[in-house]
**Student:** 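One structure follows; several queries about it will come next.
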Amino acid sequence: MPPCRLRRLLTGSAVPLLAVGCAYLLIPAFGHAIWYDESYSVALTSHGWSGIWNLGSLDVHPIGYYMLLNLVRLVFGEHVVAYRLMSAAASCALVVAGYAMMRRDWGARAARLFAALACFAPPFMRMAFQIRMYSWAVLAVAMCFLFAMRICIKARGSGPVRVNEWIGFALFSLAGAYLHYYAVLVVTIINAIVLAASGRRDIPLRYALWTEDAAGFAGVSGPGSRLPQLGYGRAV
């Protein structure tokens with residue numbers, strides 16, 4: 001591709017790229033075949049919220065995704081395509097929301113590269129349509145990281161950290177903690193880094209401490225008790 005065309009692609013209008021990328025992620029969601037882990041998600045969701053809460057304590061994963069999937073089941077019934085579209089919606093949200101944040105913080109070129117990778121990187125393509133929590137966990141962790149990066153940069157003196165940025169960071173930290181056990185580990189590390197950066201600068205430390213408390217509550221409260229998961233959970 002000529003350099004001038006590549007430059008226009010990286011700096012021009014983002015709407016076509018985002019539309020094509022999201023459509024590409026949505027196409028595989030219309031398949032009906034499911035594999036073992038997906039069948040586990042469908043079976044657990046069929047037990048309702050109380051059953052998800054009780055049975056989820058025996059699983060290594062938090063129950064946030066299964067609660068969301070149960071909402072889809074209540075609206076659309078036990079429809080595999082609806083379940084897949086819910087996962088694809090998270091991948092599309094990552095593309096659009098990630099692009100918006102990256103464009104504001106790092107410019108159009110970095111934002112377009114982020115959106116292209118979120119659409120066409122093989123791991124993201126595979127997760128986008130699975131009836132599992134992976135795409136939602138990636139969305140939560142990625143947005144948590146982007147908010148954390150913005151907070152840390154401002155903590156180094158580039159400007160004041162807004163309250164809505166702390167709120168966004170806290171909400172995505174909480175979401176990650178309720179979606180996947182790897183996400184719990186990642187958002188814990190991110191929160192520790194943000195807390196360390198906040199303590200070094202003259203910014204409202206109470207927001208950082210509140211965020212840490214919120215993320216810590218998510219990590220220890222979970223579905224009922226975490227102790228049954230230590231004894232009986234299996235990674236799926």
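Just so it is clear, the values below take in all heavy atoms, side chains as well, and ignore hydrogens, waters and symmetry mates.
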**Student:** Assess whether atom CZ of F145 is packed by more than 12 heavy atoms of other residues, nucleotides or ligands within 6.0 Å.
**Tutor:** no
**Student:** Determine, stepwise, if the pair R126 / Y134 fulfils side chain to side chain contact (heavy atoms under 4.5 Å, CB included).
**Tutor:** CA-CA 10 Å; R126 182 182 179 186; Y134 309 134; over 6 Å; no
**Student:** Out of curiosity, does V81 fall in the hydrophobic cluster containing Y83 (side-chain heavy atoms, cut-off under 4.5 Å, transitive links)?
**Tutor:** no
**Student:** Is the closest side-chain heavy-atom distance between M101 and M149 below 4.5 Å?
**Tutor:** no
**Student:** Indicate yes or no: at least one non-hydrogen side-chain atom of I190 is less than 4.5 angstrom from one of S173.
**Tutor:** no
**Student:** Donor-acceptor pair, distance only, cut-off 3.5 Å: does the side chain of W136 make one with the backbone of M86?
**Tutor:** yes
**Student:** Which distance, rounded to the nearest 0.5 Å, do you find between the CG of N54 and the CG of L44?
**Tutor:** 10.5 Å
**Student:** Between S87 and S135, is there a donor-acceptor pair closer than 3.5 Å when you use the side chain of the first and the backbone of the second?
**Tutor:** no
**Student:** Would you say that L71 contacts W49 through its side chain, given a criterion of any heavy-atom pair below 4.5 Å between the two side chains?
**Tutor:** yes
**Student:** Indicate yes or no: at least one non-hydrogen side-chain atom of V194 is less than 4.5 angstrom from one of W166.
**Tutor:** yes
**Student:** Do the side chains of S46 and E78 get nearer than 4.5 Å, heavy atoms only?
**Tutor:** yes
**Student:** If hydrophobic clusters are built from ILVMFWY residues whose side chains come within less than 4.5 Å, do I189 and I153 share one?
**Tutor:** no
**Student:** Do Y65 and L185 share a hydrophobic cluster, counting only Ile, Leu, Val, Met, Phe, Trp and Tyr and linking them when any side-chain heavy atoms are less than 4.5 Å apart?
**Tutor:** no
**Student:** Decide yes or no for L94 and F114: does some side-chain heavy atom of the first lie under 4.5 Å from some side-chain heavy atom of the second?
**Tutor:** yes
**Student:** Any heavy-atom pair between the side chains of Y40 and H61 that's under 4.5 Å?
**Tutor:** no
**Student:** Are S41 and R132 close enough that a side-chain donor and a side-chain acceptor fall under 3.5 Å?
**Tutor:** yes
**Student:** Heavy atoms, side chains only, cut-off 4.5 Å: are Q130 and W35 in contact?
**Tutor:** yes
**Student:** What residues, two or more places apart in sequence or in another chain, satisfy side-chain contact (heavy atoms from CB on, under 4.5 Å) together with V80?
**Tutor:** I34, R84, I131
**Student:** Side chain to side chain contact (heavy atoms under 4.5 Å, CB included) between V72 and L68: does it pass, once the steps are laid out?
**Tutor:** CA-CA 7 Å; V72 175; L68 290 174; over 6 Å; no
**Student:** Show, in sequence, the C-alpha distance, side-chain angles and deciding distance for E38 and V42, and conclude whether the side chain to side chain contact (heavy atoms under 4.5 Å, CB included) test is met.
**Tutor:** CA-CA 6 Å; E38 291 179 318; V42 174; 5.5 Å; no
**Student:** What distance do L85 atom CG and C92 atom SG have between them, rounded to the nearest 0.5 Å?
**Tutor:** 9.0 Å
**Student:** According to a 4.5 Å side-chain heavy-atom criterion applied to Ile, Leu, Val, Met, Phe, Trp and Tyr, with indirect links allowed, do V96 and I27 form part of one hydrophobic cluster?
**Tutor:** no
**Student:** Which heavy atom of V95 sits nearest a heavy atom of A115, and at what distance?
**Tutor:** CG1-CB, 4.1 Å
**Student:** After noting the C-alpha distance and the side-chain angles of N191 and F169, does the key distance pass the side chain to side chain contact (heavy atoms under 4.5 Å, CB included) rule?
**Tutor:** CA-CA 9 Å; N191 273 258; F169 174 64; 3.6 Å; yes
**Student:** Would you say V186 and F124 are hydrophobically clustered, going by side-chain heavy atoms of ILVMFWY under 4.5 Å?
**Tutor:** yes
**Student:** Taking the inter-plane angle between the rings of Y182 and H180 on a 0 to 90° scale, is it parallel (under 30°), tilted (30 to 60°) or perpendicular (over 60°)?
**Tutor:** tilted
**Student:** Say you draw a straight line from CD1 of I63 to CG of L69; how long is it, rounded to the nearest 0.5 Å?
**Tutor:** 13.0 Å
**Student:** Between CG of L25 and CZ of F129, what distance do you get to the nearest 0.5 Å?
**Tutor:** 10.0 Å
